[in-house]
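We number each residue from 1, following the sequence as shown.
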Amino acid sequence: MPTAREIMTTNVTFVRGDEPVREAATKLADAGVGALPICGVDDQLVGMLTDRDIVTKVIAAGKDPLAVRAGELAQGEAVTVGADDDVAELMRTMVAHKVRRVPVIDGTRVVGVISLADVARSLDDADTGMLTEALSTD
């Protein structure tokens, strides 16, 4: 079974915790992705920021996207996988935490992100279908 490192997307765009959400939204759009890792000033992972977070917690709440900082939207400890974890461990992590995107860590550094689409490109249809179903049910 492949490792996280073998299926992850590299060249990940990051958002700093102190950046305005408006800048983070631009980075999401420019990268063509739905989520970005949030890193602190020490380059350590703080959490993940999704386009849904911006819509529901900022725009729909009537907050100013220039005043709200990306780090304010980070919730709890980020769910991650190790770069050398196998895909079975990745899938267990995604299902256990009901997440569709997972930052990949090598030591303390983010080296990539794995999304449901990365899994679909790398695994057979049965495994992808099982994961998708598990993530789609409550």
Side-chain angles (χ1 to χ4, degrees):
M1 188 159 273
T3 66
R5 186 184 311 275
E6 293 171 304
I7 71 166
M8 70 184 183
T9 297
T10 58
N11 298 325
V12 177
T13 300
F14 299 88
V15 61
R16 294 275 182 214
D18 59 356
E19 285 184 58
V21 167
R22 172 68 176 85
E23 288 180 31
T26 299
K27 286 184 176 185
L28 281 164
D30 290 348
V33 297
L36 295 174
I38 304 169
C39 293
V41 293
D42 57 358
D43 288 335
Q44 297 298 307
L45 182 67
V46 175
M48 291 289 284
L49 175 70
T50 67
D51 48 8
R52 180 175 172 83
D53 291 333
I54 293 170
V55 170
T56 61
K57 297 173 184 172
V58 179
I59 305 301
K63 296 179 180 177
D64 179 359
L66 289 171
V68 177
R69 302 294 172 212
E72 294 175 45
L73 302 181
Q75 297 178 342
E77 189 172 331
V79 175
T80 64
V81 294
D84 296 317
D85 289 351
D86 66 29
V87 172
E89 178 63 24
L90 163 70
M91 291 173 64
R92 282 191 293 275
T93 300
M94 292 176 83
V95 169
H97 296 278
K98 294 283 191 184
V99 294
R100 295 174 179 266
R101 302 168 189 94
V102 180
V104 180
I105 304 294
D106 190 357
T108 60
R109 202 169 58 91
V110 177
V111 293
V113 172
I114 297 177
S115 68
L116 187 55
D118 294 317
V119 173
R121 281 190 293 273
S122 302
L123 299 181
D124 63 38
D125 290 343
D127 286 336
T128 301
M130 184 226 38
L131 180 60
T132 302
E133 184 176 337
L135 293 175
S136 299
T137 58
D138 289 326

May I have the step-by-step check of side chain to side chain contact (heavy atoms under 4.5 Å, CB included) for Val33 and Leu28, ending in yes or no?
-> CA-CA 5 Å; Val33 297; Leu28 281 164; 4.0 Å; yes
Under 3.5 Å: donor-acceptor pair, side chain of Glu89, backbone of Asp86 | no
Approximate separation, where rounding is to 0.5 Å, of Arg16 CZ and Arg69 CZ = 14.5 Å
For the residue pair Lys27 and Val15, what are the closest heavy atoms and their distance?
-> NZ-CA, 4.2 Å
Heavy-atom closest pair (Val111 atom, Ala83 atom, distance to 0.1 Å) is CG2-CB, 4.3 Å
Is Arg121 salt-bridged to Asp118, cutoff N-O under 4.0 Å?
-> yes
Thr3 and Glu6 side chains, donor-acceptor separation under 3.5 Å | yes
Quick one: do Val113 and Val102 satisfy side chain to side chain contact (heavy atoms under 4.5 Å, CB included)? Show the steps, please.
-> CA-CA 6 Å; Val113 172; Val102 180; over 6 Å; no
Going from CD1 on Ile59 to CG on Asp53, what distance comes out if it is rounded to the nearest 0.5 angstrom?
-> 12.0 Å
Nearest non-hydrogen partners of Ala74 and Gly47, listed with the distance | CB-CA, 4.3 Å
For the residue pair Met48 and Ala35, what are the closest heavy atoms and their distance?
-> CE-CB, 3.9 Å
Considering all heavy atoms, the nearest Ile38-Gly17 contact | CG2-CA, 3.7 Å
Leu116 side, atom CG; Met91 side, atom CE - distance, nearest 0.5 Å = 9.5 Å
Is it true that Ile105 and Val46 fall in one hydrophobic cluster, defined by side-chain heavy atoms closer than 4.5 Å?
-> no
For Pro37 against Leu45, the heavy-atom pair lying closest together = CB-CD1, 3.7 Å
Cluster check Ile7, Val79: I/L/V/M/F/W/Y, side chain < 4.5 angstrom = yes
Do you reckon Leu36 sits in the same ILVMFWY cluster as Val110, going by side-chain contacts under 4.5 Å, direct or chained?
-> no
